[in-house]
Each structure stands twice: as C-alpha cells, then as structure tokens.
2 protein chains.
Amino acid sequence: MPDNNHDLRRTILDTSRRMLVNEGFTNLSMRKIATECDCSATSIYLYFKNKDALLHALIEEGFDLLFEKLKTADDSQRPPLDRANTICREFIDFGLGNPEYYEIMFQLHPRHMERYPVEKFRKARKNIDLIMYLLEDGSKKGDFLIEEPRVVANVILATIHGAVSLLNAGRIDSRVGKEAFVETVVASVLAGLKGTVIMGKDQQPVVS
Amino acid sequence: MPDNNHDLRRTILDTSRRMLVNEGFTNLSMRKIATECDCSATSIYLYFKNKDALLHALIEEGFDLLFEKLKTADDSQRPPLDRANTICREFIDFGLGNPEYYEIMFQLHPRHMERYPVEKFRKARKNIDLIMYLLEDGSKKGDFLIEEPRVVANVILATIHGAVSLLNAGRIDSRVGKEAFVETVVASVLAGLKGTVIMGKDQQPVVS
DNA sequence: TATAGGAACTTAACACTGTTAACCAATAAT
DNA sequence: ATTATTGGTTAACAGTGTTAAGTTCCTATA
C-alpha cells in the first residue's frame, strides 16, 4: 500500500473542512472531528502537529480555492478595468459565500493561533500578486494611473476585505442594502484606479 | 453605602480591560480575572451574566473611547475634506494603537459570542453617524458628490477597517511600507468623495 | 519460522476553560 | 426575633487541547 498511509489524514482534512463549513469554526474541536472520523482524538496528532497545523492546512486549501476562482474568472484578453471589476466581485462572492473559510483565512487573528508559517504565506500572496499583475497591465496600457502596484494591490485587498468581513459579521447598518453597499465598494475601488467612476442606471460602474 | 455595591463590578471591568490590553484577548479567562481581582471566578457572575456580557461592557467602553477620540479631533469649522482626512487618520490611529480593543470591537466574530445586544449597537453606530453627518455637510457645501451618505459612510468605515485589521494581523505584504499603505488608503477614501486625489510630495493627499 | 522493529492507533491523564448548584455569612426589613 | 436579601464562597460538571504510555498489527530480517 503505497500512500494508503495518508488515508486517515485525508479523511481528517475532509471531515474537518465539512464540519468547519457546516457548524462553524467555534464548534470545531479535536474530539468532535475524531468521532466524526471514527478515530480517537489523539490520532489526529499523528498527522498534524496540533490543531493550528490542521487549521493551517485548511487555510491553505482555502487560498487554493480562492485563487482558482479568481484565475478562472479572470480573462486577460478583456480590458483591465473589466478585469478589475470581475476580480473584485469574485473575491466578494467568495467571502460572502464561504464565510467559514473566509474567517480562518483572513479573520483568524494571529494571536489566536500559532504563527502562520512564512512559506505558506506564498499561497496567500498569490492572490495579491494576481491583482498586482492586473494593475501593472492596466498601467502599461494606460488605463490605470498607478505608481506603486504592490501598494495599491494591498489597498484594494484591504478595501474588499473590510467590506466582506463587516458584511459577514452583520455589522453593516441594516438600513443599507447589501447590494448597494457592494456596488459602492466596487465602484470605490475602481474609482481609485483612474478617473471617476459613477454608477450607471443598471447598477454597473461606468467610467466617465 | 449608596452604590458601593458596584465596587467589585468596577474593579472587574478595570482589571479585565487592563488584562485585555496587556495580555490579549486569548489569555482573558474568568479565573485569571478573578485572581487578579482577589475574588472567586463565580463572583464575576454576580455582576455579569456571563463572559460575553463582560466582553460587551468592554466593547461598549471601546466605542465610547473611539467616539470621544473622533469627536475631539473633528473640527466642524474646517473644510469637509480636511475633516474627512482627520477622521480617517484618527480611526486608523485608534485601531493600530489599541489592537486588543479593536479586536473585540470589530473583529470578534458574532459566532464567537452571544449576539451583541441590538440596543448597544447604537454606540457603535454613533461613529458611523459622525462620518455620515460629515458627508452630508460636505455634500451641502458642494465639496463632495455623494448621493447616499449612509451607504458611503459604511463603505468608508469598511475600507478603513479592512486596512486596520490586515495591518494588525500582519497580513500586509512586508515589502509594502506601513506609512505608504496608510497614506494610499486615506487617499483612496478621500478620492471617493469627489474628484481625483493625488499624493503631494509631502505625502499629504492633495485634491486636484 | 521466529523475532525484532516500526507504524497506526488507543486509553488515561493533565491542566485548562466557562458555567452552575449549593451553601454560608452578614446585613436589612418586617 | 425572625425572615429575606445581598454578596460572596467552594465544589462540581462538561468541555477543551495536548501528552505520555501502552497496544495492536504488519513487515522485514536472522
């Protein structure tokens, strides 16, 4: 049996991912995962150094998922502004659609877990890089006016992240419609790329 | 003894606030608070329904603190754009300067604690309202071009929140300087208010 | 074929956590 | 004088992450 060794490891990952999505991060305990996997809690420690390491593995999967989503949605043939628009919406869509994943990926405070290994940050950074390359492309084509793509890419990420996290936390004024909020956020991001972006009558941002 | 009753209550609040700031949210346990207060852990339950209620009280204090900071920094006599600039920077300053407070105020996921009581949200909303009034003022004076101040106020809050939370979590690309990042975020927010904002040579946003 | 080694897994335990039930002492009210 | 209330306690429950020690079982070598 070649890598049948890692059968349980996969089961643990799959069930904990499922439990994370279904029952939330707070209800994710080693013992609960274990009973769901039909093994003892300590068996998990055979494949993961501790709970944080298991969490890190899930986070990594999350970043892969997000990156795939962004990459497949992004069409490098389209105009940069359209691409930026798409990327923003896909990111928000991911965050609102996978709140549990999003939480451990972006909202889990470092103080709550072991330092996320530096080498794993590369996967997280791939998403920012994707934005950055897009900005550089837009700059080269003269569509954007950006001096420091890396800084702006991080600002864009921060803006969208703020929107997603506050929405998911239910901390956006209830009198503000979710759609209007999202549209305004996206418009604001796109506005930062070049010129002024206003809202068209079909709720799509239009560059004036 | 008039309200000597609430002596212990005050001590609990003060020490837990101090412990929160000094040792972080994760290390805040009822028993630790109790030993620090020279009382038993169960005594805390005489004054707070549970740990969440204690946390809510701390959150409330945090919002008061933030509101005071914003209110005293805001000078309604100055031009709206200057005021917006000040508010943004004060907010960021608060978030970076009080990461523990900020965490329980804005990053503590609802799933991790009992629903934050609706009536207490008013204190949180006072900060958004302050931004909103400023936007309305700017609109009235013709400095801003804003159709829905409440939506935009929430977007501004989200943008700044995203920046603060990612900075505090150490999730901003290390190759991006903190100052440059903050300046770009503020510039981006101000740009959304009207026209295009570019960075002057003194790193201060200038409206063109 | 017998035995040593190691891999996969379990049980029992430790030191924590939030929270509750039961109890006790002192003060205030009838 | 007796009752009720206030403010506090101790002991316990059920849960947490984690570790040390022990157990099975399969595989490879003497």
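Every chain is numbered from 1, with letters handed out A, B, ... down the list of sequences. Worth saying up front: this structure is predicted, and the values here are computed from it rather than measured.
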What is the distance, rounded to the nearest whole Å, between atom CD1 of Ile44(B) and atom C1' of dT19(C)? 11 Å
Let me know the distance between CG of Asp38(A) and P of dA8(C), rounded to the nearest Å. 19 Å
Atom pair distance, as rounded to whole Å: CG in Leu46(B) and P in dC23(C): 17 Å
What pairs with Phe63(B) under ring-ring contact (aromatic ring centres under 6.0 Å, His included), at least two apart in sequence or on another chain? Phe106(B)
Distances under 3.5 Å between nitrogen or oxygen atoms of protein and nucleotides 17-21 of chain D:
unit_1, atom_1, unit_2, atom_2, d
dG17(D), OP1, Met30(A), N, 3.3
dG17(D), OP1, Lys51(A), NZ, 3.0
dG17(D), OP2, Met30(A), N, 2.9
dG17(D), N7, Arg31(A), NH1, 2.7
dG17(D), O6, Arg31(A), NH2, 2.9
dT18(D), OP2, Tyr45(A), OH, 2.9
dT18(D), OP2, Lys51(A), N, 2.8
dT18(D), O5', Tyr45(A), OH, 3.3
dT18(D), O4, Arg31(A), NH2, 3.3

Please tell me if Ser43(A) has a side-chain N or O lying less than 4.0 Å from either OP1 or OP2 of dC9(C). no
What pairs of donor and acceptor atoms, side-chain ones from residues 70-77 of chain B against any protein atom, are under 3.5 angstrom apart with sequence neighbours left out?
unit_1, atom_1, unit_2, atom_2, d
Thr72(B), OG1, Glu68(B), O, 3.0
Thr72(B), OG1, Lys69(B), O, 3.2
Asp74(B), OD1, Arg83(B), NE, 2.9
Asp74(B), OD2, Arg83(B), NH2, 2.9
Asp75(B), OD1, Gln77(B), N, 3.0

Less than 3.5 Å apart, any donor N or O on the side chain of Asn154(B) or Arg150(B) sitting next to an acceptor on the other? no
Can you check the Asp7(B) CG to dG8(D) C1' distance for me, whole Å? 14 Å
Just jot down the salt bridge (charged side-chain N to carboxylate O under 4.0 Å, His left out) partners of Glu136(B), sequence neighbours excluded, or say none. none
What is the separation between atom CD1 on Ile33(B) and atom P on dC16(C), rounded to the nearest whole Å? 16 Å
Sequence neighbours left out, what passes salt bridge (charged side-chain N to carboxylate O under 4.0 Å, His left out) with Lys49(B)? Give chain and number order. Glu114(B)
Whole-Å gap separating P (dC16(C)) and CG (Asn27(B)): 12 Å
Suppose we screen for salt bridge (charged side-chain N to carboxylate O under 4.0 Å, His left out). Which residues come up paired with Asp64(B), at least two apart in sequence or across chains? Lys123(B)
How long is the line joining CG of Leu8(B) and P of dT9(D), in whole Å? 8 Å
